[in-house]
Amino acid sequence: MQDYKTVDSSQITLTELMIPSYSNFGGKIHGGTILSLMDKVAYVCAAKHSDGYCITASIDVVDFLAPVEVGELVSLMASVNYVGNSSMIIGIRVVSENIKTHVTKHTNTSYFTMVAIGDDHKPRKVPGLILKTDDDLRRFTQARNRRELKRVYRKDEVQLKVGYNKEICVEGLKNERCQIAF
């Protein structure tokens, strides 16, 4: 295993034609289909960087920015944005293209945390990342910052569960569209 690898050594693009069997009743491509493709491209990118098997540990927010239509080509571009000891944050950008009009649209961006797994089924060390461009540096820093925000959010989430107070909850819901029926 190499000690360090460049970002571009594991970048990957997956392109697939969207067929009718991928669509919902409204004629748009199922979000689950796009998520499955995102997981696939994240795996390939992480496996290339780590030279081995990886698992999906978490997925950051996935916002569907624009619908994908039957007959469009969807391209998913993935790169390693950040590495820890055994984990990698893979940035994924999804674009669709109408092959008749050549109009493209950005449909999704998300970040998958992948963990390299060794033959002993335990996390294993991954190569560090060589940052060669301003984009590489920006993405690494932003991923590190998102990772720290996630850590803070998890801690706050635990505090919310521990700090439940019925009276405070009822007071805070006065202007919400709900009825308390107990």
Side-chain angles (χ1 to χ4, degrees), residues 5 7-118 121-124 126 129 135-136 138-154 156-157:
K5 288 185 172 182
V7 171
D8 59 352
S9 70
S10 57
Q11 285 178 326
I12 198 89
T13 299
L14 172 69
T15 301
E16 188 162 333
L17 177 66
M18 297 294 103
I19 59 175
S21 64
Y22 296 169
S23 68
N24 60 26
F25 292 112
K28 310 297 183 206
I29 301 304
H30 282 289
T33 299
I34 302 298
L35 284 170
S36 177
L37 291 170
M38 291 171 83
D39 194 42
K40 186 185 296 185
V41 77
Y43 171 80
V44 173
C45 182
K48 276 186 79 172
H49 183 77
S50 67
D51 296 320
Y53 181 68
C54 298
I55 59 169
T56 306
S58 72
I59 302 170
D60 281 8
V61 174
V62 178
D63 291 323
F64 294 92
L65 307 174
V68 177
E69 310 285 339
V70 171
E72 291 183 337
L73 286 177
V74 169
S75 295
L76 302 96
M77 292 144 291
S79 65
V80 178
N81 288 1
Y82 177 87
V83 295
N85 289 318
S86 61
S87 66
M88 297 154 280
I89 296 177
I90 310 300
I92 303 168
R93 179 178 173 88
V94 183
V95 296
S96 66
E97 178 185 1
N98 180 308
I99 56 178
K100 287 182 182 178
T101 65
H102 303 289
V103 171
T104 61
K105 57 191 172 191
H106 175 212
T107 65
N108 301 77
T109 296
S110 190
Y111 305 94
F112 281 51
T113 300
M114 307 296 288
V115 175
I117 301 295
H121 305 289
K122 294 182 180 169
R124 65 176 180 78
V126 298
L129 205 54
D135 277 342
D136 293 348
R138 177 184 54 78
R139 288 177 180 145
F140 190 93
T141 303
Q142 289 173 337
R144 187 197 60 197
N145 293 345
R146 272 192 308 278
R147 184 176 182 217
E148 186 55 36
L149 284 172
K150 240 168 117 172
R151 204 172 287 156
V152 169
Y153 176 78
R154 279 193 217 117
D156 287 351
E157 187 71 22

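Residue S79 comes nearest to R139 through the heavy atom pair OG-NH1, 4.5 Å, listed as atom of the first residue, atom of the second, then distance. Taking each heavy atom of V70 and G27 in turn, the nearest pair found is CG2-O, 3.9 Å. Residue V126 comes nearest to G84 through the heavy atom pair CG2-O, 3.8 Å, listed as atom of the first residue, atom of the second, then distance. Scanning both residues, Y53 and R124, for their nearest heavy atoms gives N-NH2, 4.3 Å. Residues V68 and I34 come closest through the heavy atom pair CG2-CD1, 4.3 Å. For the pair T113 and S87, the tightest heavy-atom approach, listed with the atom from each and the gap, is CG2-CB, 4.2 Å.
Looking at residues two or more places apart in sequence or on another chain, you find no ring-ring contact (aromatic ring centres under 6.0 Å, His included) involving Y43.
Once rounded to the nearest 0.5 Å, the distance linking CD1 of I59 with CD1 of I90 reads 12.5 Å. Atom OG1 of T109 sits about 9.5 Å away from atom CD1 of I92, to the nearest 0.5 Å. K150 contributes atom NZ, which lies 12.0 Å from atom OH of Y111 (distance to the nearest 0.5 angstrom). The CG atom of N145 sits 8.5 Å away from the CD atom of E148 when rounded to the nearest 0.5 Å. Taking CG of D39 as the start and CE of M114 as the end, the distance is 5.5 Å to the nearest 0.5 Å. Distance check: C54 SG to H49 NE2 gives 9.5 Å after rounding to the nearest 0.5 Å.
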Evaluation steps, side chain to side chain contact (heavy atoms under 4.5 Å, CB included), between T107 and F64: CA-CA 6 Å; T107 65; F64 294 92; over 6 Å; no
Residue pair N98, E69: steps toward the side chain to side chain contact (heavy atoms under 4.5 Å, CB included) verdict: CA-CA 8 Å; N98 180 308; E69 310 285 339; over 6 Å; no
Pair V83-K5, side chain to side chain contact (heavy atoms under 4.5 Å, CB included): steps then yes or no: CA-CA 11 Å; V83 295; K5 288 185 172 182; over 6 Å; no
Criterion salt bridge (Lys or Arg N to Asp or Glu O under 4.0 Å) on E157 and R154, from CA distance to verdict: CA-CA 5 Å; E157 187 71 22; R154 279 193 217 117; over 6 Å; no
Residues V94, L76; criterion side chain to side chain contact (heavy atoms under 4.5 Å, CB included); working and verdict: CA-CA 5 Å; V94 183; L76 302 96; 3.8 Å; yes
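For residues 80-106, the pairs satisfying salt bridge (charged side-chain N to carboxylate O under 4.0 Å, His left out) are E72-K105, with sequence neighbours left out.
M88 has its side chain out of reach of L129: every pair of non-hydrogen atoms, C-beta onward, lies at least 4.5 Å apart.
Cation-pi check for R147 over Y82 is not met; the charged atom does not lie both under 6.0 angstrom from the ring centroid and within 45 degrees of its normal.
Other residues, nucleotides and ligands contribute over 12 non-hydrogen atoms within 6.0 Å of the CZ atom of F140. The environment of N85 atom CG is sparse: at most 12 non-hydrogen atoms of other residues, nucleotides or ligands sit within 6.0 angstrom.
The closest side-chain donor-acceptor pair between D60 and S58, if any, does not fall under 3.5 angstrom.
The closest donor-acceptor contact from the side chain of H106 to the backbone of V95 lies at 3.5 Å or more, if one exists at all.
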Show which side-chain atoms of residues 9-21 pair as donor or acceptor with protein atoms under 3.5 Å away, not counting sequence neighbours.
unit_1	atom_1	unit_2	atom_2	d
S9	OG	T6	O	2.7
T15	OG1	S75	OG	2.9
E16	OE2	Y22	OH	2.5

